[in-house]
Amino acid sequence: MPPLKNDTFLRALLRQPVEYTPIWMMRQAGRYLPEYRETRARAGGFMDLCKNTELATEVTLQPIDRYDLDAAILFSDILTVPDAMGLGLYFEAGEGPKFQKPVQTEADVAALRVPDMNDLRYVFDAVSSIRKALDGRVPLIGFSGSPFTLACYMVEGGGSKEFRTIKTMMYSRPDLLHKILHVNAQAVTQYLNTQIEQGAQAVQIFDTWGGVLSHAAFQEFSLAYIKQIIGGLIREHDGRRVPVIVFAKGGGQWLELMAECGADALGLDWTTDIAQARARVGGKVALQGNFDPFALFGTPGRIREEAAQILAGFGKGSGHVFNLGHGINQHTDPEHAKVLIDAVHELSRPYHSQ
């Protein structure tokens with residue numbers, strides 16, 4: 001693999017000195033970009049795009065070619081793992097992902113197995129292809145959903161607003177949910193390790209639905225399994241540390257607990273004040289975040305003001321990766337994304353000067 005020309009993102013995750021605050025955006029390869037929409041139309045469907053190595057590489061590089069971003073993220077989906085378990089992933093127009101075979105009965109849980117990683121070969125082929133195509137421009141991030149977030153989709157059979165089915169299982173048959181989470185944790189560990197072996201230089205665990213849990217339930221049903229995964233990950237590859245980011249949407253109240261999970265960095269959504277977050281984690285981890293994605297619908301001047309406020313909140317020193325507090329909205333003006341990226345690079349330099 002060619003040497004890395006820009007390792008600012010990796011150094012910031014490890015709280016090493018940097019010249020400016022690096023930035024990438026969750027869902028940076030996506031529907032807000034006209035070039036993405038054109039490629040997806042050629043692919044036929046979302047999973048067709050994920051499973052086509054050449055096109056998955058193409059869309060991963062589209063935002064890197066358009067913007068001065070500091071990292072690329074693998075183009076894939078968090079539901080590839082349960083799909084490989086044979087649950088029958090499909091996408092209903094306007095309704096999002098669904099599973100033909102939700103895991104809801106004792107028999108369903110007993111039949112659940114860690115998937116053969118060969119059934120996810122298309123993901124690993126994409127990682128390898130993207131890493132080569134990047135040619136060392138910026139690092140590549142691999143990712144997975146957390147065991148609990150994956151379980152939400154697996155038990156509910158798709159997305160949910162109430163999470164009634166999985167919470168019913170959690171409070172009436174916690175043993176069944178723990179069995180699902182144990183299988184998921186083993187699967188995610190293997191999945192991320194294979195991504196690292198194929199060229200991912202950092203990995204992020206998305207706990208999208210951890211924030212719907214109570215304080216005690218988050219620790220028992222989500223954080224415990226995230227810790228288990230991190231404990232089993234390859235932490236050094238090709239002579240370099242592989243940083244781990246944990247992003248729990250709606251999890252700002254648990255930062256102190258998450259700072260002890262073994263991750264190098266914690267992602268913040270926009271509801272958490274970054275200055276308070278930095279004080280609360282006490283220098284144990286880097287922080288990633290946490291611009292409200294809908295602030296990109298403001299004027300260019302307002303976008304710069306919001307970015308400046310977050311940078312000032314974090315203050316001097318390394319350990320901050322600028323990002324959105326969740327994925328970029330599909331209706332975002334691509335030029336507004338450029339305003340944010342350029343503003344972060346420009347406005348952050350004084351915070352890193354000696």
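In this chain, numbering begins with 1 at the start of the sequence shown.
For residues 306-325, every residue pair satisfying the side chain to side chain donor-acceptor pair (under 3.5 Å) rule, not counting sequence neighbours, is listed here: Arg302-Glu306. For residues 151-162, the side chain to side chain donor-acceptor pair (under 3.5 Å) pairs, not counting sequence neighbours, are Tyr153-Trp209, Glu156-Thr165. Within the structure, side chain to side chain donor-acceptor pair (under 3.5 Å) contacts touching residues 77-87 (residues at least two apart or in different chains) are Thr80-Tyr191. Legend: side chain to side chain donor-acceptor pair (under 3.5 Å) pairs involving residues 23-34, not counting sequence neighbours, sorted by first then second residue: Trp24-Gln288.
In this structure, Lys51 is positioned above the aromatic face of Tyr122, its NZ or CZ under 6.0 Å from the six-membered ring centre and within 45° of the axis.
Once rounded to the nearest 0.5 Å, the distance linking CG of Asn193 with NE2 of His237 reads 10.0 Å. The structure places OG1 of Thr8 at 13.0 Å from CD1 of Ile23, a figure rounded to the nearest 0.5 Å. Atom-to-atom distance recorded for Leu181:CG and Gln228:CD is 9.5 Å, nearest 0.5 angstrom. Considering CE of Met170 and CD1 of Ile180, their distance stands at 12.5 Å, rounded to 0.5 Å. How far CG of Leu257 is from CD1 of Ile226: 11.5 Å, rounded to the nearest 0.5 Å. Put simply, NZ on Lys5 and CG on Asp135 are 4.0 Å apart, with the number rounded to the nearest 0.5 Å.
Contact check for Phe163 versus Cys152: side-chain heavy atoms found under the 4.5 Å cut-off.
The nearest pair of heavy atoms linking Gln201 to Val138 is OE1-O, 4.4 Å. Between Ala263 and Val246, the closest heavy-atom pair is CB-CG2, 3.7 Å. Closest heavy-atom contact between Ile303 and Gly298: CD1-O, 3.8 Å.
The salt bridge (charged side-chain N to carboxylate O under 4.0 Å, His left out) test applied to Lys179 returns no partner, not counting sequence neighbours. Residues forming a side chain to side chain contact (heavy atoms under 4.5 Å, CB included) with Asp65 (at least two apart in sequence, or on another chain): Leu61, Arg137. For Ser214, the side chain to side chain donor-acceptor pair (under 3.5 Å) criterion is met by no residue, not counting sequence neighbours. In this view, Asp7 and Arg11, Arg240 satisfy the salt bridge (charged side-chain N to carboxylate O under 4.0 Å, His left out) rule, not counting sequence neighbours. The side chain to side chain contact (heavy atoms under 4.5 Å, CB included) search around Val188 returns Ser144, Leu150, Leu192, Ile229, not counting sequence neighbours. Applying the salt bridge (charged side-chain N to carboxylate O under 4.0 Å, His left out) criterion to Arg42, with sequence neighbours excluded, gives Glu38, Glu58. For Arg15, the salt bridge (charged side-chain N to carboxylate O under 4.0 Å, His left out) test picks out no residue, with sequence neighbours left out.
The backbone N or O of Gly232 lies less than 3.5 Å from no partner atom in the side chain of Arg235, so there is not a single donor-acceptor pair. No side-chain donor-acceptor contact under 3.5 Å links Ser128 to the backbone of Asp125. Checked by atom type and distance alone, the side chain of Gln195 pairs as donor or acceptor with a backbone atom of Phe143 at under 3.5 Å. Counting only distance, with no hydrogens or angles, the side chain of Tyr67 and the backbone of Pro334 share a donor-acceptor pair below 3.5 Å. Panel note: side chain Ser172, backbone Thr168; a donor-acceptor pair is recorded below 3.5 Å. Remark: the backbone N or O of Gln219 is not paired with any side-chain donor or acceptor of Ser222 at under 3.5 angstrom. Formation of a donor-acceptor pair under 3.5 Å by the Arg241 side chain with backbone atoms of Glu236 is not found in this model. Put simply, the side chain of Asp108 gets close to the backbone of Thr105: a donor and an acceptor are under 3.5 Å apart.
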(Q) The test is ring-ring contact (aromatic ring centres under 6.0 Å, His included); show your working for Phe9 and Phe322 and say whether it passes. (A) CA-CA 9 Å; Phe9 164 72; Phe322 204 101; over 10 Å; no
task: Begin from the C-alpha positions of Glu19 and Arg349 and carry the test salt bridge (charged side-chain N to carboxylate O under 4.0 Å, His left out) through to its verdict.
output: CA-CA 6 Å; Glu19 295 73 43; Arg349 288 186 181 273; over 6 Å; no
As a quick check of understanding, evaluate side chain to side chain contact (heavy atoms under 4.5 Å, CB included) for Met154 and Gln104, giving each step before the final call. CA-CA 8 Å; Met154 293 160 68; Gln104 294 176 344; over 6 Å; no
Walk me through whether Arg66 and Glu35 qualify under salt bridge (charged side-chain N to carboxylate O under 4.0 Å, His left out). CA-CA 10 Å; Arg66 184 186 265 260; Glu35 56 266 43; 2.9 Å; yes
Item to complete: Could you check Val81 against Asn184 for side chain to side chain contact (heavy atoms under 4.5 Å, CB included), going step by step and ending with a plain yes or no?
Response: CA-CA 8 Å; Val81 171; Asn184 286 356; 5.6 Å; no
Check the pair Asp269, His326 against side chain to side chain contact (heavy atoms under 4.5 Å, CB included), reporting the backbone distance first and the verdict last. CA-CA 6 Å; Asp269 66 25; His326 201 236; 5.9 Å; no
Handout entry: Stepwise side chain to side chain contact (heavy atoms under 4.5 Å, CB included) test for Asn329 and Leu296
Key = CA-CA 9 Å; Asn329 183 273; Leu296 288 171; over 6 Å; no
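Ring geometry, Phe218 versus Trp254: the interplanar angle falls under 30°, so the pair is classed parallel (tilted spans 30 to 60°).
Around CD of Glu54, the count of heavy atoms belonging to other residues, nucleotides or ligands within 6.0 Å does not exceed 12. Other residues, nucleotides and ligands contribute only 12 or fewer heavy atoms inside 6.0 Å of the NE2 atom of His182. Around atom NZ of Lys98, more than 12 heavy atoms belonging to other residues, nucleotides or ligands sit under 6.0 Å away.
In this structure, the ring of Phe148 has its center no less than 6.0 angstrom from the ring center of Phe221.
Under the 4.5 Å side-chain contact rule for hydrophobic residues, Ile310 and Phe294 do not share a cluster. In the hydrophobic cluster analysis, where Ile, Leu, Val, Met, Phe, Trp and Tyr join through side-chain heavy atoms closer than 4.5 angstrom, Trp270 is grouped apart from Leu266. Hydrophobic cluster membership is shared by Leu233 and Ile245, with clusters built from Ile, Leu, Val, Met, Phe, Trp and Tyr side chains linked at under 4.5 angstrom.
Through ILVMFWY side-chain contacts below 4.5 Å, Tyr20 is grouped with nothing and stands alone.
There is a side-chain donor-acceptor pair under 3.5 Å between Asp207 and Thr149. A side-chain N or O of Ser129 and one of Thr57 form a donor-acceptor pair less than 3.5 Å apart.
Using a cut-off of 4.0 Å between Lys/Arg side-chain N and Asp/Glu carboxylate O, Glu106 and Arg173 are scored as salt-bridged.
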